[in-house]
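To start, the structure itself, in structure tokens.
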Amino acid sequence: MTTVGILGGGQLARMLALSGAPLGLRFLVMDTEADACAGQFAPLLVGDYRDEAALAEFAGKVDVATFDFENVPAESAEWLAARVPVFPNPRALAIAQDRLAEKTLFRELDIPVPDFSPVATRAELDAALAQVGAPCILKTRRLGYDGKGQFRIRTLADADAAWEALGAQAAKVGLIVEAFVPFERELSVVAVRGRDGEFRTWPLTENWHVDGVLSASLAPARADDAVARTAIDYARRLAERTDYVGVFALELFYRDGQLLANEMAPRVHNSGHWTIEGAETSQFQNHLRAVLGLPLGDTRMLGHACMLNWIGQMPDALPLLAEPGGHWHDYGKQPRAGRKVGHATVRADRAEKLALALERAGRALGRDAQVAPVIARLRG
Ligand code: AMP
């Protein structure tokens with residue numbers, strides 16, 4: 001009996017546990033919250049990630065450890081890695097936790113990035129703005145997600161307001177200024193690398209965000225083969241350099257035929273949720289296979305798929321369940337503004353069939369605005 005330990009007990013851990021059940025796996029999930037939603041499907045250990053006693057209990061009960069949450073302190077990941085195999089390795093995790101380390105690595109690997117500059121003081125903010133120019137975004141280096149910890153600087157006159165908003169974070173988590181990219185599209189490549197170095201990717205995915213939070217994903221993205229090949233090549237360079245094991249996502253901006261890397265998520269990723277029903281093997285199943293050293297499954301996709309995120313509260317499931325290619329995922333979370341509480345995936349063998357299904361579902365759910373850009377892309 002193999003037990004996989006997962007640090008973080010949110011929907012990603014929950015979907016990992018669900019996809020591991022057919023492999024006969026057991027799970028132990030660790031989270032700081034007693035109502036973490038993965039706890040509905042796997043034993044939950046409630047504890048702080050810095051608490052050595054809790055980590056020791058966790059390590060003593062699992063055969064291998066992985067993450068549903070990238071902000072587990074790097075020292076805790078290292079402490080665990082001295083006792084039990086941890087994938088991805090703590091070094092890869094540490095790089096992905098820090099926007100500056102991540103962007104520095106992208107540059108080293110010749111992966112284009114928006115211009116950036118680290119900021120520790122108010123004077124450095126001025127220097128960074130002089131280098132990068134406006135518009136740009138001031139971001140926390142660490143602990144930011146879903147657009148949190150970010151301030152848009154439209155003109156240099158916004159510098160004071162930006163410092164007012166985030167300056168206090170400079171000493172705690174560090175700051176970085178990044179050039180604002182007027183992108184045409186946001187794309188992501190979800191990739192997996194096995195313990196033996198085998199590397200696979202799912203088809204390139206296009207993503208739409210609302211208020212910094214993912215709203216919809218479409219796979220395969222409608223992009224030139226050359227763009228898809230470049231994105232996959234960047235993901236491979238990252239995986240090989242960091243000796244990555246497991247699934248990760250590389251988020252990219254597309255503009256004028258060029259790709260710029262935004263960030264790397266060292267875990268299964270929201271833009272890969274469509275793989276549960278839309279691919280021969282899902283990101284969750286392949287992540288588990290990778291960390292356990294099992295053969296990776298085929299990442300081929302089955303037709304076209306669109307994932308719609310449900311934020312705040314779940315809509316009515318019936319219109320989606322009535323769709324032939326409709327699939328429903330309720331994470332069993334309490335509704336809360338801005339919280340990811342579930343998603344749906346709609347799959348069809350042809351692009352136009354998917355567009356029609358999204359039109360019906362969007363109308364029935366009052367979500368026309370959410371599906372509109374996806375439908376436009378499918379028909380464009
Ligand atoms: P992040 O947390 O860095 O992934 O940012 C969340 C979202 O904010 C991204 O998916 C983009 O939609 C937007 N964003 C972040 N950085 C930039 C940038 N440098 N230029 C334009 N938009 C950005």
Side-chain angles (χ1 to χ4, degrees), residues 10 12 69-71 93 95-107 111-119 125 128-129 131-156 158-159 162 165-166 169 173-190 204-219 221 231 234-235 238 248-256 258-273 307-309 311 338-340 343 369-370 373-374 377:
L12 303 179
F69 173 65
E70 68 257 48
N71 290 320
L93 186 76
I95 292 169
Q97 282 176 347
D98 179 355
R99 291 184 192 276
L100 179 61
E102 182 177 69
K103 289 212 159 51
T104 305
L105 177 66
F106 289 161
R107 270 199 179 149
I111 300 172
V113 286
D115 198 8
F116 64 90
S117 182
V119 169
L125 175 60
L129 293 181
Q131 179 200 314
V132 172
C136 59
I137 307 186
L138 180 65
K139 298 183 179 181
T140 56
R141 274 172 56 180
R142 297 166 185 281
L143 303 178
Y145 67 99
D146 287 346
K148 295 183 178 64
Q150 302 194 5
F151 192 97
R152 272 282 288 277
I153 297 177
R154 282 160 224 275
T155 71
L156 298 182
D158 293 337
L166 292 176
Q169 303 292 320
V173 289
L175 299 173
I176 185 170
V177 164
E178 294 176 15
F180 180 79
V181 183
F183 55 79
E184 294 157 37
R185 300 183 185 190
E186 291 196 79
L187 302 169
S188 61
V189 50
V190 180
L204 197 63
T205 300
E206 178 164 2
N207 304 306
W208 288 267
H209 292 79
V210 175
D211 297 331
V213 183
L214 186 65
S215 167
S217 292
L218 172 68
Y234 292 164
L238 272 172
F248 67 96
L250 176 61
E251 297 179 16
L252 300 152
F253 299 129
Y254 174 83
R255 178 177 158 79
D256 289 342
Q258 298 289 321
L259 291 170
L260 291 175
N262 176 31
E263 64 179 356
M264 173 193 186
R267 51 173 167 74
V268 287
H269 192 252
N270 200 166
S271 71
H273 289 1
M307 191 272 331
L308 300 169
N309 255 354
I311 312 287
R339 192 177 209 197
K340 291 176 178 171
H343 77 266
Q370 190 175 3
V374 187
R377 185 71 78 229

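What you see below is based on every heavy atom in this structure, not just the backbone, and it leaves out hydrogens, waters and symmetry mates. Just follow the structure's listing: the first ligand is 1, and inside any ligand the first atom is 1.
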Which ligand 1 atoms are under 4.0 Å away from a heavy-atom of [X]?
X	value
E186	9 (C), 10 (O), 11 (C), 12 (O)
E178	19 (N)
K139	3 (O), 15 (C), 16 (N)
E251	4 (O)
H209	10 (O)
V181	18 (C), 20 (N), 21 (C)

At a non-hydrogen distance cut-off of under 4.0 Å, which region of C136 contacts ligand 1 (side chain, backbone, both, or neither)? neither
If you measure from each non-hydrogen atom of I137 to ligand 1, which part falls under 4.0 Å: side chain, backbone, both or neither? side chain
Could you check whether any side-chain heavy atom of L218 comes within less than 4.5 Å of a side-chain heavy atom of W208, counting everything from C-beta outward? yes
Measure from NZ or CZ of R267 to the centre of the six-membered ring of F69 and say whether it is under 6.0 Å with the direction within 45° of the ring axis. no
Option of least heavy-atom distance to [atom] (set: [options]):
atom	options	value
atom 14 (N) of ligand 1	F180, F253, W208, F116	F253
atom 19 (N) of ligand 1	A179, P135, P114	A179
atom 5 (O) of ligand 1	R255, Q150, R99	Q150

Could you measure the distance from the CG atom of L252 to the OG1 atom of T205? Nearest 0.5 Å is fine. 11.0 Å
Go through the side-chain N and O atoms of S215 and N309 and say whether any donor and acceptor fall under 3.5 Å apart. no
Is a side-chain donor-acceptor pair under 3.5 Å present for D115 with Q131? yes
Heavy-atom pair with the smallest gap, counting every atom of L138 and L125: CD1-CD1, 4.1 Å
Mind checking what makes side chain to side chain donor-acceptor pair (under 3.5 Å) contact with E178, not counting sequence neighbours? K103, K139
Test side chain to side chain donor-acceptor pair (under 3.5 Å) applied to E186 - qualifying residues, sequence neighbours left out: H209
